[in-house]
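All residue numbers in this chain count up from 1 along the given sequence.
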Amino acid sequence: YITVPENAYVRFVTDPDDDTDTPADYLFFTTDTYAYIYKIEFPTALEATIADVDTQLEDKTITMLGKDYSIVDATRTAEDDWTLTLMGGAVSDIINYGEEKTYTIDDTTYTVELTFVDATYCKFKVNDEYTSKLQDSETYTLADGNEIGVTEINYQDYAGGVQQCKFYLGAEKIILDDSEIEDDDNFDAKLTYGSNSLSNTAVKIKGSDDGTTLKISSIEIKWTPDDDLYIPVGGKLSEKEDSGEAGQVFGDMDIEFVGVQQSSTE
């Protein structure tokens, strides 16, 4: 579900950022309320026993606005206090030790080689750049800004054993941290995108934790602008948000103002 605020409205005003000082119709968003709430709801709750939560939730896929994200880590800090780490990306693949594969993302070619693997770490060579050693759910930012991230390590320490890593290239890592998942009312959880904690983005994970079983029924993400936004006719929310937070998490969603429909008059 995508919810837009009921009190977003059109104003015939001058945009303070418009040097022409010409009044016009603008779709107006204020800092007093959210610009949108995105909610993913599970008709059958996402469920795992707390003792085996990692193995039962790991690699489960959540689709958000057309993008697939794998749960690469689920951590219980205390009762009702959970952190979910999701990872998605342009390319997902499995590569063996010493193997070399080639991928194309946005017209850029990447040659990936797995140069090291053990039970804990993977290390890659991407074109001529070597990553650091990465554990499961960790990412490395390449020189061009793209990220490579590990989602699973399979290692058998003997000749002929499986020695491979599952990874994302062009990785998007999202961390959802909610200390009160049984609180249905408040957006008190944090969202971290890559290494950036997004101050304008709040999260609510709705579920239950009875000490034995974790159940998650929905995840909601709320984005609030940090400045009043004036969207002109033909303009989009993503074009006005300076920090880019609106597009960082959900680049496939936008809000466009196409104008007002004039009613008949006498």
Side-chain angles (χ1 to χ4, degrees), residues 38-64 67-89 91-97 114 116-123 133-140 147-158 160-168 171-184 186-195 197 203-221 249:
Y38 175 71
K39 179 179 180 180
I40 178 171
E41 188 173 79
F42 305 107
T44 301
L46 194 64
E47 183 175 340
T49 58
I50 291 174
D52 299 309
V53 67
D54 268 344
T55 57
Q56 292 179 5
L57 292 186
E58 187 175 329
D59 288 337
K60 285 191 179 295
T61 299
I62 297 175
T63 301
M64 296 190 291
K67 293 183 178 180
D68 290 338
Y69 295 88
S70 294
I71 300 175
V72 296
D73 188 51
T75 303
R76 183 181 192 256
T77 304
E79 184 177 350
D80 209 23
D81 187 346
W82 286 88
T83 300
L84 298 180
T85 303
L86 313 177
M87 194 179 296
V91 172
S92 176
D93 203 359
I94 296 173
I95 190 168
N96 296 304
Y97 172 65
L114 182 60
F116 175 85
V117 60
D118 64 11
T120 307
Y121 297 100
C122 292
K123 185 175 182 179
K133 289 183 178 180
L134 303 175
Q135 298 185 62
D136 189 0
S137 79
E138 288 187 333
T139 61
Y140 177 89
E147 293 191 61
I148 185 169
V150 175
T151 60
E152 187 177 350
I153 300 173
N154 293 316
Y155 181 77
Q156 296 174 332
D157 190 13
Y158 55 84
V162 175
Q163 300 179 357
Q164 60 184 205
C165 287
K166 184 176 181 181
F167 70 98
Y168 279 104
E172 295 180 70
K173 181 179 178 181
I174 298 175
I175 301 175
L176 308 175
D177 185 3
D178 193 340
S179 60
E180 296 182 58
I181 67 170
E182 294 185 350
D183 182 349
D184 294 345
N186 296 320
F187 283 85
D188 53 7
K190 298 179 295 183
L191 186 145
T192 302
Y193 184 85
S195 58
S197 180
V203 176
K204 178 166 62 176
I205 301 175
K206 183 178 178 180
S208 63
D209 175 354
D210 63 7
T212 302
T213 303
L214 166 69
K215 294 183 180 181
I216 297 174
S217 57
S218 66
I219 298 172
E220 295 181 63
I221 298 174
V249 180

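Shortest non-hydrogen contact noted between Glu182 and Gly207 is CG-O, 3.4 Å. In terms of heavy atoms, Leu46 sits closest to Ile71 at CD2-CD1, 3.8 Å. Here the closest non-hydrogen pair linking Asn96 and Gln164 is OD1-NE2, 2.8 Å. Closest approach of Val117 to Gln163, counting heavy atoms only: CG1-CB, 3.8 Å. Of all heavy-atom pairs between Thr61 and Ser70, the closest is OG1-OG, 4.1 Å. Between Asp178 and Ile205 the shortest heavy-atom distance is OD2-N, 2.9 Å.
Side-chain contact between Leu114 and Phe167 is absent, with no heavy atoms from C-beta onward closer than 4.5 Å. In this structure the side chain of Leu214 never reaches within 4.5 angstrom of the side chain of Arg76, judged on heavy atoms. The shortest distance between side-chain heavy atoms of Phe42 and Ile62 falls below 4.5 Å. Side-chain contact check for Lys190 versus Asp177: some heavy-atom pair is nearer than 4.5 Å.
Considering CD1 of Ile181 and OG of Ser208, their distance stands at 6.5 Å, rounded to 0.5 Å. How far CG of Asp136 is from CG of Leu134: 10.5 Å, rounded to the nearest 0.5 Å. With rounding to the nearest 0.5 Å, the separation of CG in Asp118 from CG in Asp157 is 8.5 Å. Atoms OH and CD1, from Tyr140 and Ile148 in turn, are 10.5 Å apart once rounded to the nearest 0.5 Å. Interatomic distance, Lys60 NZ to Ile216 CD1, rounded to the nearest 0.5 Å: 11.5 Å. We find the CD-NZ distance between Glu47 and Lys215 to be 4.5 Å, quoted to the nearest 0.5 Å.
Taking a 6.0 Å sphere around NZ of Lys173, one finds it holds more than 12 heavy atoms contributed by other residues, nucleotides or ligands. More than 12 non-hydrogen atoms from other residues, nucleotides or ligands lie less than 6.0 angstrom from CZ of Phe116. Around OH of Tyr155, the count of heavy atoms belonging to other residues, nucleotides or ligands within 6.0 Å exceeds 12.
No donor-acceptor distance shorter than 3.5 angstrom exists from the side chain of Thr85 to the backbone of Val72, with no hydrogens or angles considered. Using modelled atom types, no side-chain atom of Asp52 and backbone atom of Thr55 make a donor-acceptor pair closer than 3.5 Å.
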*Take Thr75 and Asp73 through the side chain to side chain donor-acceptor pair (under 3.5 Å) test and state the conclusion after the steps.*
CA-CA 6 Å; Thr75 303; Asp73 188 51; 2.8 Å; yes
_side chain to side chain contact (heavy atoms under 4.5 Å, CB included) for Leu191 and Ile174? Distances and angles first, verdict last._
CA-CA 7 Å; Leu191 186 145; Ile174 298 175; 4.0 Å; yes
*Please test Val150 against Gln135 for side chain to side chain contact (heavy atoms under 4.5 Å, CB included), starting from the C-alpha separation and ending with a verdict.*
CA-CA 7 Å; Val150 175; Gln135 298 185 62; over 6 Å; no
*Check the pair Ile219, Met64 against side chain to side chain contact (heavy atoms under 4.5 Å, CB included), reporting the backbone distance first and the verdict last.*
CA-CA 10 Å; Ile219 298 172; Met64 296 190 291; 5.7 Å; no
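Exactly one residue among Leu86, Thr83, Thr192 makes a side-chain contact (heavy atoms from CB on, under 4.5 Å) with Leu176. That residue is Leu86.
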